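Just so it is clear, the model here is predicted, and its values are computed rather than measured.
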Amino acid sequence: MLTCIIRYHIDPTKKAQFETYARSWGQAIPRCGADLIGYFAPHEGSSTLAYGIYNIPSLAEYEAYRTRLAADPLGRENYEFAQKERFILREDRTFLRLASAPHGCGA
């Protein structure tokens, strides 16, 4: 299992638009095959960093998921919304693998 962490640099004056964008992904991402952990908007500290986090079984599954997401009506609409509103200044994706499992008390 891989965890994809998307780091967004957003326009701090357009946080509401980012939150609308995040809610739409909350519907489209699970429907297209990824396990969405959530989208996170700035609250305290940096006013320009936001995150989207989801799990996907493999990079091959990621490629298939991206194809489904691009074809999904809500996915397409959300991409267009982001382009029109220009609240995302930069977007970076990192794929991580959980290295600390199992968690908990091992006594």
Side-chain angles (χ1 to χ4, degrees):
M1 184 66 63
L2 298 174
T3 299
C4 179
I5 299 176
I6 308 168
R7 181 177 60 181
Y8 296 96
H9 293 262
I10 64 169
D11 180 334
T13 66
K14 296 183 176 182
K15 188 171 92 169
Q17 288 92 327
F18 178 81
E19 290 175 357
T20 298
Y21 175 80
R23 283 190 298 276
S24 291
W25 286 138
Q27 296 173 42
I29 288 173
R31 181 172 58 232
C32 291
D35 175 23
L36 180 63
I37 294 167
Y39 268 72
F40 301 86
H43 177 69
E44 205 48 50
S46 173
S47 62
T48 61
L49 287 179
Y51 295 88
I53 305 171
Y54 60 88
N55 291 318
I56 196 92
S58 67
L59 288 177
E61 287 289 326
Y62 170 74
E63 293 302 327
Y65 151 77
R66 292 284 294 189
T67 298
R68 289 188 299 271
L69 195 61
D72 183 84
L74 183 55
R76 282 194 315 269
E77 183 179 306
N78 218 23
Y79 285 128
E80 291 167 8
F81 173 69
Q83 292 296 314
K84 178 180 163 233
E85 295 294 322
R86 303 181 63 121
F87 51 88
I88 298 172
L89 306 176
R90 185 170 147 197
E91 178 178 327
D92 300 303
R93 279 180 179 69
T94 302
F95 292 88
L96 302 174
R97 173 181 58 79
L98 180 63
S100 63
H103 300 133
C105 184

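Side chains of L59 and L2 form a contact here, defined as non-hydrogen atoms less than 4.5 Å apart. Looking at R93 and I5, their side chains never come closer than 4.5 Å, going by heavy atoms from C-beta outward. You'll find the side chain of N55 reaches within 4.5 Å of the side chain of I37, heavy atoms only. Counting heavy atoms from C-beta on, the side chains of L98 and M1 never come closer than 4.5 Å. H9 places none of its side-chain heavy atoms less than 4.5 Å from the side chain of E91.
Using bins of under 30°, 30° to 60° and over 60° for the plane-to-plane angle, the ring pair Y62/F95 lands in the perpendicular bin.
A pairwise comparison of heavy atoms in A41 and A50 identifies CA-CB, 4.3 Å as the closest pair.
Summarising the geometry, atom CD1 belonging to I10 is positioned 8.0 Å from atom CG belonging to L89; distances are rounded to the nearest 0.5 Å. Atom-to-atom distance recorded for D35:CG and T3:OG1 is 8.5 Å, nearest 0.5 angstrom. Distance check, rounded to the nearest 0.5 Å: CG of L69 to CZ of R31 gives 9.0 Å. Rounding to the nearest 0.5 Å gives a distance of 12.5 Å between CG of D72 and OG1 of T67. Here the CD1-CZ distance, from I56 to R66, works out to 10.5 Å after rounding to the nearest 0.5 Å.
Among pairs with a residue in residues 13-26, those fulfilling side-chain hydrogen bond (donor to acceptor under 3.5 Å, both in side chains) read D11-T13, T20-R23, Y21-W25, at least two apart in sequence or across chains.
Around the CZ atom of R86, the shell of radius 6.0 Å holds no more than 12 heavy atoms that belong to other residues, nucleotides or ligands. For H43, the NE2 atom sits in a loose shell: 12 or fewer heavy atoms of surrounding residues, nucleotides or ligands are nearer than 6.0 Å.
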From CA spacing to verdict: ring pair (Phe, Tyr, Trp, His ring centres under 6.0 Å), F18, Y8 = CA-CA 10 Å; F18 178 81; Y8 296 96; 5.3 Å; yes
task = Give the C-alpha distance, both sets of side-chain angles, the deciding distance and a yes or no for ring pair (Phe, Tyr, Trp, His ring centres under 6.0 Å) between Y65 and Y54.
result = CA-CA 12 Å; Y65 151 77; Y54 60 88; 5.3 Å; yes
inquiry  = Before you tell me yes or no, could you show the steps for I53 and F40 under side-chain contact (heavy atoms from CB on, under 4.5 Å), namely the whole-Å CA-CA distance, both residues' side-chain angles and the distance that decides it to 0.1 Å?
reply    = CA-CA 8 Å; I53 305 171; F40 301 86; 3.9 Å; yes
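When hydrophobic clusters are built by joining Ile, Leu, Val, Met, Phe, Trp and Tyr residues whose side-chain heavy atoms come closer than 4.5 Å, directly or via intermediates, Y79 is grouped together with L36.
Residues meeting the salt bridge (Lys or Arg N to Asp or Glu O under 4.0 Å) test with R97, sequence neighbours left out: none.
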